[in-house]
2 protein chains.
Amino acid sequence: MAKDTENTILDVARQEFVQNGFAATRMQEIADKAGINKAMLHYYFRSKEKLYQEIISQTLNRVIPIFAQSLDQDGDFWTKLERVVGTYVKLLIKEPDLPFFIMSELSQKRESFIIELKKRAQYFPAMRKFIMQIMEEQSTGKLREVPPVHIVLNIMGLCVFPFIAKPIFCTIMDIPEEDFKELMQDRVNVIMDFMHHALKVD
Amino acid sequence: MAKDTENTILDVARQEFVQNGFAATRMQEIADKAGINKAMLHYYFRSKEKLYQEIISQTLNRVIPIFAQSLDQDGDFWTKLERVVGTYVKLLIKEPDLPFFIMSELSQKRESFIIELKKRAQYFPAMRKFIMQIMEEQSTGKLREVPPVHIVLNIMGLCVFPFIAKPIFCTIMDIPEEDFKELMQDRVNVIMDFMHHALKVD
DNA sequence: ACAAATTTTAACCATTTGGTTAATAAATGC
DNA sequence: GCATTTATTAACCAAATGGTTAAAATTTGT
(Lines give C-alpha, C1' and ligand atoms only; values in the text may rest on other atoms or scores of the structure.)
Protein backbone atom coordinates (compact mmCIF):
# COMPACT_ATOMS: atom_id res chain seq x y z
CA MET A 1 0.00 0.00 0.00
CA ALA A 2 2.88 2.34 0.80
CA LYS A 3 4.30 2.47 -2.70
CA ASP A 4 0.76 2.87 -3.92
CA THR A 5 0.18 6.08 -2.01
CA GLU A 6 3.55 7.43 -3.04
CA ASN A 7 2.90 6.77 -6.70
CA THR A 8 -0.58 8.23 -6.58
CA ILE A 9 0.90 11.39 -5.13
CA LEU A 10 3.54 11.55 -7.82
CA ASP A 11 0.98 11.05 -10.57
CA VAL A 12 -1.38 13.71 -9.31
CA ALA A 13 1.44 16.10 -8.47
CA ARG A 14 2.87 15.81 -11.94
CA GLN A 15 -0.48 16.65 -13.50
CA GLU A 16 -0.96 19.62 -11.22
CA PHE A 17 2.55 21.05 -11.57
CA VAL A 18 2.50 20.63 -15.35
CA GLN A 19 -0.88 22.28 -15.62
CA ASN A 20 -0.41 25.13 -13.17
CA GLY A 21 3.30 25.59 -12.63
CA PHE A 22 4.95 25.57 -9.24
CA ALA A 23 3.57 28.71 -7.66
CA ALA A 24 -0.05 28.16 -8.67
CA THR A 25 -0.15 24.54 -7.54
CA ARG A 26 -1.74 23.90 -4.13
CA MET A 27 -0.65 21.09 -1.86
CA GLN A 28 -4.25 20.74 -0.65
CA GLU A 29 -5.43 20.28 -4.24
CA ILE A 30 -2.90 17.51 -4.81
CA ALA A 31 -4.00 15.78 -1.61
CA ASP A 32 -7.68 16.05 -2.51
CA LYS A 33 -7.23 14.73 -6.03
CA ALA A 34 -5.10 11.90 -4.68
CA GLY A 35 -7.80 11.16 -2.10
CA ILE A 36 -5.44 11.38 0.85
CA ASN A 37 -4.64 13.61 3.77
CA LYS A 38 -2.40 16.57 3.07
CA ALA A 39 0.01 15.47 5.79
CA MET A 40 0.89 12.46 3.64
CA LEU A 41 2.50 14.73 1.08
CA HIS A 42 4.90 15.95 3.72
CA TYR A 43 5.30 12.49 5.17
CA TYR A 44 6.57 11.19 1.84
CA PHE A 45 8.23 14.24 0.33
CA ARG A 46 8.94 16.64 3.20
CA SER A 47 8.05 19.83 1.35
CA LYS A 48 6.38 21.24 -1.76
CA GLU A 49 9.81 22.16 -3.12
CA LYS A 50 11.13 18.59 -2.68
CA LEU A 51 8.04 17.10 -4.28
CA TYR A 52 8.43 19.45 -7.20
CA GLN A 53 12.10 18.56 -7.54
CA GLU A 54 11.12 14.91 -7.72
CA ILE A 55 8.67 15.62 -10.54
CA ILE A 56 11.28 17.58 -12.45
CA SER A 57 13.75 14.77 -11.97
CA GLN A 58 11.32 12.13 -13.21
CA THR A 59 10.34 14.24 -16.20
CA LEU A 60 13.93 14.81 -17.28
CA ASN A 61 14.64 11.11 -16.85
CA ARG A 62 11.77 10.33 -19.14
CA VAL A 63 12.63 12.82 -21.87
CA ILE A 64 16.37 13.28 -22.11
CA PRO A 65 17.39 9.62 -22.55
CA ILE A 66 14.81 9.13 -25.30
CA PHE A 67 16.19 12.13 -27.09
CA ALA A 68 19.84 11.26 -26.55
CA GLN A 69 19.46 7.61 -27.51
CA SER A 70 17.75 8.44 -30.75
CA LEU A 71 20.82 10.54 -31.59
CA ASP A 72 23.34 8.03 -30.29
CA GLN A 73 22.83 5.31 -32.85
CA ASP A 74 24.53 4.68 -36.17
CA GLY A 75 23.63 6.31 -39.42
CA ASP A 76 24.31 9.39 -41.48
CA PHE A 77 22.74 12.78 -40.78
CA TRP A 78 19.49 11.98 -42.54
CA THR A 79 18.99 8.66 -40.78
CA LYS A 80 19.57 10.26 -37.43
CA LEU A 81 17.38 13.21 -38.26
CA GLU A 82 14.45 11.05 -39.25
CA ARG A 83 14.86 9.02 -36.09
CA VAL A 84 15.11 11.97 -33.76
CA VAL A 85 12.28 13.94 -35.36
CA GLY A 86 10.06 10.88 -35.38
CA THR A 87 10.78 10.07 -31.76
CA TYR A 88 10.29 13.62 -30.65
CA VAL A 89 7.08 14.41 -32.45
CA LYS A 90 5.59 11.09 -31.39
CA LEU A 91 6.47 11.81 -27.76
CA LEU A 92 4.99 15.29 -28.00
CA ILE A 93 1.75 14.11 -29.55
CA LYS A 94 1.35 11.80 -26.56
CA GLU A 95 2.36 14.44 -24.01
CA PRO A 96 1.73 17.84 -25.56
CA ASP A 97 2.15 19.74 -22.29
CA LEU A 98 5.68 18.52 -21.76
CA PRO A 99 7.72 21.17 -23.58
CA PHE A 100 5.66 23.83 -22.02
CA PHE A 101 6.26 22.51 -18.54
CA ILE A 102 9.97 22.15 -19.07
CA MET A 103 10.42 25.59 -20.51
CA SER A 104 7.98 27.28 -18.24
CA GLU A 105 9.46 26.48 -14.89
CA LEU A 106 12.88 26.66 -16.46
CA SER A 107 12.62 30.39 -16.89
CA GLN A 108 11.30 30.97 -13.41
CA LYS A 109 13.11 28.46 -11.28
CA ARG A 110 16.19 28.52 -13.41
CA GLU A 111 18.85 27.47 -10.90
CA SER A 112 17.25 24.34 -9.53
CA PHE A 113 16.24 23.25 -12.99
CA ILE A 114 19.64 23.84 -14.51
CA ILE A 115 21.25 21.94 -11.65
CA GLU A 116 18.91 19.04 -12.28
CA LEU A 117 19.66 19.29 -15.99
CA LYS A 118 23.41 19.27 -15.47
CA LYS A 119 23.11 16.04 -13.50
CA ARG A 120 22.26 14.49 -16.86
CA ALA A 121 25.39 15.88 -18.51
CA GLN A 122 26.24 12.30 -19.51
CA TYR A 123 23.67 12.68 -22.26
CA PHE A 124 24.93 15.97 -23.68
CA PRO A 125 27.80 14.53 -25.76
CA ALA A 126 25.27 12.84 -28.03
CA MET A 127 24.20 16.31 -29.09
CA ARG A 128 27.73 17.56 -29.56
CA LYS A 129 28.66 14.46 -31.52
CA PHE A 130 25.67 15.15 -33.74
CA ILE A 131 27.03 18.62 -34.43
CA MET A 132 30.45 17.17 -35.23
CA GLN A 133 28.80 14.83 -37.66
CA ILE A 134 27.02 17.72 -39.35
CA MET A 135 30.34 19.52 -39.75
CA GLU A 136 31.94 16.42 -41.19
CA GLU A 137 29.20 15.83 -43.73
CA GLN A 138 29.36 19.50 -44.63
CA SER A 139 33.08 19.36 -45.25
CA THR A 140 32.70 16.28 -47.45
CA GLY A 141 30.07 18.15 -49.43
CA LYS A 142 27.11 16.02 -48.38
CA LEU A 143 25.30 18.87 -46.62
CA ARG A 144 24.92 22.51 -47.45
CA GLU A 145 27.00 24.84 -45.30
CA VAL A 146 24.64 26.25 -42.68
CA PRO A 147 26.06 26.94 -39.20
CA PRO A 148 25.49 23.65 -37.33
CA VAL A 149 24.28 25.38 -34.20
CA HIS A 150 21.53 26.98 -36.23
CA ILE A 151 20.66 23.66 -37.81
CA VAL A 152 20.13 22.17 -34.37
CA LEU A 153 18.08 25.20 -33.31
CA ASN A 154 15.99 24.82 -36.46
CA ILE A 155 15.32 21.15 -35.86
CA MET A 156 14.29 21.75 -32.29
CA GLY A 157 12.15 24.71 -33.23
CA LEU A 158 10.35 22.88 -36.00
CA CYS A 159 9.58 19.95 -33.69
CA VAL A 160 8.78 21.63 -30.42
CA PHE A 161 7.38 25.04 -31.23
CA PRO A 162 3.95 23.99 -32.51
CA PHE A 163 3.19 22.34 -29.21
CA ILE A 164 4.11 25.41 -27.25
CA ALA A 165 2.22 27.74 -29.54
CA LYS A 166 -0.84 25.58 -29.98
CA PRO A 167 -3.40 27.78 -28.19
CA ILE A 168 -2.26 31.06 -29.70
CA PHE A 169 -1.83 29.49 -33.11
CA CYS A 170 -5.25 27.84 -33.12
CA THR A 171 -6.87 31.11 -32.12
CA ILE A 172 -5.19 33.26 -34.74
CA MET A 173 -5.59 30.71 -37.50
CA ASP A 174 -9.11 29.80 -36.46
CA ILE A 175 -8.32 26.09 -36.23
CA PRO A 176 -10.28 23.93 -33.74
CA GLU A 177 -7.88 22.45 -31.22
CA GLU A 178 -9.13 18.97 -32.14
CA ASP A 179 -7.82 19.42 -35.68
CA PHE A 180 -4.43 20.28 -34.29
CA LYS A 181 -3.43 16.72 -33.47
CA GLU A 182 -4.23 15.76 -37.02
CA LEU A 183 -1.98 18.55 -38.23
CA MET A 184 0.80 17.18 -36.06
CA GLN A 185 0.47 13.71 -37.59
CA ASP A 186 1.80 15.12 -40.88
CA ARG A 187 4.44 17.06 -39.06
CA VAL A 188 7.26 14.48 -39.28
CA ASN A 189 6.97 14.33 -43.03
CA VAL A 190 6.73 18.08 -43.39
CA ILE A 191 9.79 18.63 -41.25
CA MET A 192 11.82 15.98 -43.06
CA ASP A 193 10.84 17.39 -46.43
CA PHE A 194 11.61 20.88 -45.26
CA MET A 195 15.01 19.99 -43.85
CA HIS A 196 15.86 17.94 -46.88
CA HIS A 197 15.31 20.79 -49.29
CA ALA A 198 16.95 23.28 -46.97
CA LEU A 199 20.15 21.31 -46.52
CA LYS A 200 20.69 19.23 -49.64
CA VAL A 201 23.55 20.34 -51.83
CA ASP A 202 22.38 21.94 -55.06
CA MET B 1 2.42 63.16 -10.61
CA ALA B 2 -0.61 60.92 -11.00
CA LYS B 3 0.27 59.54 -14.41
CA ASP B 4 3.79 59.15 -13.13
CA THR B 5 2.82 56.78 -10.34
CA GLU B 6 0.53 54.84 -12.62
CA ASN B 7 3.25 54.35 -15.21
CA THR B 8 5.84 53.39 -12.64
CA ILE B 9 3.46 50.74 -11.39
CA LEU B 10 2.85 49.45 -14.90
CA ASP B 11 6.56 49.32 -15.65
CA VAL B 12 7.47 47.44 -12.50
CA ALA B 13 4.44 45.17 -12.72
CA ARG B 14 5.31 44.18 -16.26
CA GLN B 15 8.84 43.25 -15.25
CA GLU B 16 7.59 41.22 -12.31
CA PHE B 17 4.80 39.42 -14.14
CA VAL B 18 7.05 38.61 -17.09
CA GLN B 19 9.78 37.32 -14.82
CA ASN B 20 7.68 35.36 -12.33
CA GLY B 21 4.32 34.72 -13.92
CA PHE B 22 1.04 35.66 -12.33
CA ALA B 23 0.93 33.33 -9.35
CA ALA B 24 4.50 33.89 -8.21
CA THR B 25 4.32 37.67 -8.44
CA ARG B 26 3.72 39.52 -5.15
CA MET B 27 1.83 42.78 -4.96
CA GLN B 28 4.09 43.89 -2.11
CA GLU B 29 7.15 43.29 -4.26
CA ILE B 30 5.71 45.45 -7.03
CA ALA B 31 4.94 48.20 -4.55
CA ASP B 32 8.41 48.04 -3.01
CA LYS B 33 10.23 48.12 -6.33
CA ALA B 34 8.02 50.99 -7.46
CA GLY B 35 8.81 52.79 -4.21
CA ILE B 36 5.19 53.29 -3.26
CA ASN B 37 2.59 52.03 -0.83
CA LYS B 38 0.86 48.81 -1.69
CA ALA B 39 -2.54 50.46 -1.40
CA MET B 40 -1.69 52.50 -4.50
CA LEU B 41 -1.76 49.37 -6.60
CA HIS B 42 -5.36 48.83 -5.61
CA TYR B 43 -6.16 52.50 -5.87
CA TYR B 44 -5.12 52.54 -9.51
CA PHE B 45 -5.91 49.00 -10.63
CA ARG B 46 -8.39 47.58 -8.10
CA SER B 47 -6.94 44.08 -7.98
CA LYS B 48 -3.96 41.94 -8.90
CA GLU B 49 -6.06 40.30 -11.60
CA LYS B 50 -7.00 43.65 -13.15
CA LEU B 51 -3.43 44.88 -13.05
CA TYR B 52 -2.30 41.70 -14.76
CA GLN B 53 -5.00 42.06 -17.38
CA GLU B 54 -3.72 45.55 -18.10
CA ILE B 55 -0.19 44.25 -18.63
CA ILE B 56 -1.45 41.53 -20.95
CA SER B 57 -3.43 44.09 -22.88
CA GLN B 58 -0.47 46.45 -23.24
CA THR B 59 1.81 43.63 -24.29
CA LEU B 60 -0.54 42.39 -26.99
CA ASN B 61 -0.98 45.96 -28.21
CA ARG B 62 2.74 46.26 -28.53
CA VAL B 63 3.34 42.97 -30.33
CA ILE B 64 0.39 42.10 -32.52
CA PRO B 65 0.20 45.31 -34.56
CA ILE B 66 3.92 45.18 -35.32
CA PHE B 67 3.52 41.66 -36.53
CA ALA B 68 0.33 42.28 -38.50
CA GLN B 69 1.57 45.47 -40.14
CA SER B 70 4.75 43.85 -41.34
CA LEU B 71 2.52 41.31 -43.11
CA ASP B 72 -0.01 43.82 -44.35
CA GLN B 73 2.14 45.66 -46.83
CA ASP B 74 2.76 45.05 -50.50
CA GLY B 75 5.19 42.57 -51.92
CA ASP B 76 5.50 38.95 -52.92
CA PHE B 77 6.02 36.12 -50.44
CA TRP B 78 9.75 36.67 -50.13
CA THR B 79 9.49 40.40 -49.58
CA LYS B 80 6.91 39.87 -46.87
CA LEU B 81 8.87 37.06 -45.31
CA GLU B 82 12.03 39.08 -45.05
CA ARG B 83 10.09 41.95 -43.52
CA VAL B 84 8.25 39.85 -40.99
CA VAL B 85 11.26 37.79 -39.96
CA GLY B 86 13.39 40.91 -39.64
CA THR B 87 10.80 42.72 -37.58
CA TYR B 88 10.20 39.76 -35.35
CA VAL B 89 13.75 38.79 -34.62
CA LYS B 90 14.67 42.42 -34.00
CA LEU B 91 11.81 42.76 -31.54
CA LEU B 92 12.80 39.56 -29.78
CA ILE B 93 16.44 40.53 -29.45
CA LYS B 94 15.27 43.68 -27.69
CA GLU B 95 12.72 41.87 -25.52
CA PRO B 96 13.78 38.24 -25.26
CA ASP B 97 11.36 37.41 -22.45
CA LEU B 98 8.32 38.38 -24.47
CA PRO B 99 7.44 35.11 -26.19
CA PHE B 100 7.94 33.29 -22.99
CA PHE B 101 5.59 35.55 -21.11
CA ILE B 102 2.91 35.35 -23.74
CA MET B 103 3.04 31.61 -24.03
CA SER B 104 3.55 30.96 -20.38
CA GLU B 105 0.49 32.57 -18.93
CA LEU B 106 -1.41 31.59 -22.03
CA SER B 107 -1.37 27.96 -21.07
CA GLN B 108 -2.35 28.54 -17.48
CA LYS B 109 -4.79 31.41 -17.68
CA ARG B 110 -6.06 30.41 -21.05
CA GLU B 111 -9.53 31.97 -20.98
CA SER B 112 -8.67 35.52 -20.03
CA PHE B 113 -5.73 35.57 -22.41
CA ILE B 114 -7.68 34.16 -25.33
CA ILE B 115 -10.43 36.69 -24.68
CA GLU B 116 -7.89 39.48 -24.74
CA LEU B 117 -6.40 37.98 -27.89
CA LYS B 118 -9.74 37.78 -29.65
CA LYS B 119 -10.29 41.48 -29.00
CA ARG B 120 -7.51 41.99 -31.54
CA ALA B 121 -9.26 39.85 -34.15
CA GLN B 122 -9.01 42.82 -36.50
CA TYR B 123 -5.37 41.89 -37.00
CA PHE B 124 -5.90 38.21 -37.77
CA PRO B 125 -6.91 38.63 -41.45
CA ALA B 126 -3.38 39.79 -42.24
CA MET B 127 -2.24 36.31 -41.34
CA ARG B 128 -4.97 34.60 -43.35
CA LYS B 129 -4.26 36.83 -46.32
CA PHE B 130 -0.63 35.79 -46.09
CA ILE B 131 -1.70 32.15 -46.29
CA MET B 132 -3.86 32.92 -49.31
CA GLN B 133 -0.88 34.55 -50.95
CA ILE B 134 1.24 31.48 -50.29
CA MET B 135 -1.41 29.31 -51.93
CA GLU B 136 -1.54 31.63 -54.94
CA GLU B 137 2.20 31.66 -55.42
CA GLN B 138 2.23 27.91 -55.06
CA SER B 139 -0.42 27.44 -57.74
CA THR B 140 1.48 29.72 -60.11
CA GLY B 141 4.56 27.61 -59.51
CA LYS B 142 6.55 30.24 -57.68
CA LEU B 143 6.70 28.30 -54.41
CA ARG B 144 7.13 24.63 -53.67
CA GLU B 145 3.96 22.89 -52.52
CA VAL B 146 4.22 22.63 -48.75
CA PRO B 147 0.98 22.92 -46.73
CA PRO B 148 0.70 26.66 -46.01
CA VAL B 149 -0.30 26.14 -42.42
CA HIS B 150 2.93 24.27 -41.85
CA ILE B 151 4.89 27.01 -43.60
CA VAL B 152 3.49 29.53 -41.15
CA LEU B 153 4.22 27.21 -38.23
CA ASN B 154 7.76 26.81 -39.51
CA ILE B 155 8.34 30.52 -39.83
CA MET B 156 7.05 31.18 -36.34
CA GLY B 157 9.03 28.31 -34.90
CA LEU B 158 12.27 29.36 -36.52
CA CYS B 159 11.88 32.92 -35.25
CA VAL B 160 10.47 32.43 -31.80
CA PHE B 161 11.71 29.10 -30.53
CA PRO B 162 15.34 30.04 -29.86
CA PHE B 163 14.22 32.73 -27.44
CA ILE B 164 12.02 30.33 -25.54
CA ALA B 165 14.64 27.62 -25.43
CA LYS B 166 17.60 29.83 -24.66
CA PRO B 167 18.41 28.57 -21.15
CA ILE B 168 18.03 24.89 -21.92
CA PHE B 169 19.81 25.27 -25.23
CA CYS B 170 22.75 27.18 -23.80
CA THR B 171 23.17 24.58 -21.07
CA ILE B 172 23.10 21.57 -23.33
CA MET B 173 25.28 23.14 -26.01
CA ASP B 174 27.62 24.71 -23.47
CA ILE B 175 27.22 28.19 -24.92
CA PRO B 176 27.58 31.19 -22.58
CA GLU B 177 24.33 33.13 -22.54
CA GLU B 178 26.24 36.24 -23.60
CA ASP B 179 27.17 34.59 -26.88
CA PHE B 180 23.54 33.86 -27.52
CA LYS B 181 22.62 37.38 -28.59
CA GLU B 182 25.42 37.27 -31.11
CA LEU B 183 24.02 34.02 -32.46
CA MET B 184 20.65 35.70 -32.86
CA GLN B 185 22.14 38.53 -34.90
CA ASP B 186 22.82 36.04 -37.71
CA ARG B 187 19.43 34.51 -37.24
CA VAL B 188 17.53 36.59 -39.83
CA ASN B 189 19.95 35.59 -42.55
CA VAL B 190 19.97 31.96 -41.52
CA ILE B 191 16.19 31.80 -41.49
CA MET B 192 15.87 33.53 -44.86
CA ASP B 193 18.46 31.24 -46.40
CA PHE B 194 16.79 28.24 -44.87
CA MET B 195 13.33 29.17 -46.04
CA HIS B 196 14.59 30.07 -49.47
CA HIS B 197 16.14 26.69 -50.06
CA ALA B 198 13.22 24.88 -48.49
CA LEU B 199 10.58 26.55 -50.60
CA LYS B 200 12.16 27.48 -53.90
CA VAL B 201 10.99 25.45 -56.87
CA ASP B 202 13.60 23.02 -58.11
C1' DA C 1 -6.87 81.68 0.74
C1' DC C 2 -9.73 77.98 1.10
C1' DA C 3 -12.91 74.29 0.01
C1' DA C 4 -13.19 70.18 -2.70
C1' DA C 5 -11.20 66.57 -4.95
C1' DT C 6 -7.35 63.63 -5.56
C1' DT C 7 -3.36 61.04 -4.06
C1' DT C 8 -0.79 58.63 -0.54
C1' DT C 9 0.09 56.32 3.75
C1' DA C 10 0.01 53.27 7.92
C1' DA C 11 -2.40 50.08 10.28
C1' DC C 12 -5.58 46.33 9.82
C1' DC C 13 -8.21 42.25 8.29
C1' DA C 14 -9.66 37.81 6.41
C1' DT C 15 -8.16 34.08 3.92
C1' DT C 16 -5.08 31.05 2.08
C1' DT C 17 -1.25 28.13 2.36
C1' DG C 18 2.73 25.32 3.49
C1' DG C 19 3.82 22.88 7.21
C1' DT C 20 3.54 20.54 12.11
C1' DT C 21 1.88 17.63 15.85
C1' DA C 22 -0.08 14.36 18.59
C1' DA C 23 -3.06 10.79 18.54
C1' DT C 24 -4.96 6.68 15.89
C1' DA C 25 -5.05 2.83 12.70
C1' DA C 26 -2.73 -0.65 10.14
C1' DA C 27 0.97 -3.62 9.13
C1' DT C 28 5.03 -6.26 10.50
C1' DG C 29 8.09 -9.22 13.07
C1' DC C 30 8.66 -12.47 16.56
C1' DG D 1 -1.00 -12.64 20.43
C1' DC D 2 1.67 -8.74 21.33
C1' DA D 3 5.20 -5.13 20.86
C1' DT D 4 7.19 -2.27 17.46
C1' DT D 5 7.32 0.04 13.46
C1' DT D 6 4.93 2.27 9.63
C1' DA D 7 1.10 4.71 7.58
C1' DT D 8 -2.74 7.92 8.11
C1' DT D 9 -5.71 11.37 10.02
C1' DA D 10 -7.77 15.61 12.17
C1' DA D 11 -6.79 19.62 14.32
C1' DC D 12 -3.78 23.25 14.60
C1' DC D 13 -0.17 27.00 13.64
C1' DA D 14 2.51 30.76 11.84
C1' DA D 15 3.60 33.28 7.92
C1' DA D 16 2.33 35.28 3.76
C1' DT D 17 -0.75 37.58 0.86
C1' DG D 18 -4.45 40.16 -1.47
C1' DG D 19 -7.28 43.52 -0.14
C1' DT D 20 -9.60 47.37 2.93
C1' DT D 21 -10.12 51.56 5.65
C1' DA D 22 -9.78 55.78 7.69
C1' DA D 23 -6.97 59.41 8.21
C1' DA D 24 -3.28 62.55 6.36
C1' DA D 25 -0.99 64.98 2.69
C1' DT D 26 -1.17 67.09 -1.68
C1' DT D 27 -3.22 69.18 -5.69
C1' DT D 28 -6.74 71.73 -7.97
C1' DG D 29 -10.34 74.97 -8.96
C1' DT D 30 -12.15 79.35 -7.71
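Residue numbers start from 1 in every chain, and the chains themselves are labelled A, B, ... in the order their sequence lines are given, proteins ahead of strands.
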Does [N] have OP1 or OP2 sitting under 4.0 Å from an N or O in the side chain of [X]?
X	N	result
B:R26	D:dG18	yes
A:S47	C:dG18	no
A:Y44	D:dT8	yes
B:R46	D:dG19	no
A:T5	D:dT8	yes

Rounded distance in Å - [atom1] ([X]) to [atom2] ([N]):
X	N	atom1	atom2	value
A:Y43	D:dT5	OH	P	13 Å
A:N37	C:dA23	CG	C1'	13 Å
A:Y52	C:dG18	OH	C1'	17 Å
B:H42	D:dA22	NE2	C1'	17 Å
B:L41	D:dT20	CG	C1'	14 Å
B:F45	D:dG19	CZ	C1'	16 Å
B:I36	D:dG19	CD1	P	14 Å
A:E6	D:dA7	CD	P	9 Å

Requested in this report: Under 4.0 Å between any heavy atoms, over every strand shown, what does B:M40 touch: base, sugar-phosphate, or nothing? Just pick one.
Outcome: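 Answer is base: heavy atoms of B:M40 come under 4.0 Å of a base.
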
**Report entry** Within 45° cone of A:F130 ring axis and under 6.0 Å: A:K80 NZ or CZ
**Finding:**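 Here A:K80 fails the 6.0 Å and 45° test against A:F130.
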
Query - Pair of N/O donor and acceptor under 3.5 Å linking D:dG19 base with B:K48 side chain - result: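 Result: no qualifying N/O pair found.
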
Query - Side chain A:K142, main chain A:K200, donor-acceptor under 3.5 Å - result: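 The answer is no, because no donor-acceptor pair under 3.5 Å joins these two groups.
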
**Report entry** A:F100-A:F163 aromatic ring centre distance below 6.0 Å
**Finding:**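 So the answer is no for these two rings.
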
Query raised in the report: To the nearest 0.5 Å, what is the distance between CG (B:L143) and CE (B:M135)?
Result: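 That separation rounds to 12.5 Å.
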
Report task. Return the nearest nucleotide to the side chain of A:A39; candidates are D:dA7, D:dT9, C:dT9. Result ->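 That would be D:dT9.
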
**Report entry** Donor-acceptor pair between A:N20 and A:R26 side chains, under 3.5 angstrom
**Finding:**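 Side-chain D/A pair, A:N20 to A:R26: absent.
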
Query raised in the report: If you pin A:K38 and B:G35 to their nearest nucleotides in DNA chain C, which one's is more 5'?
Result: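 Its nearest nucleotide lies further toward 5', so the answer is B:G35.
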
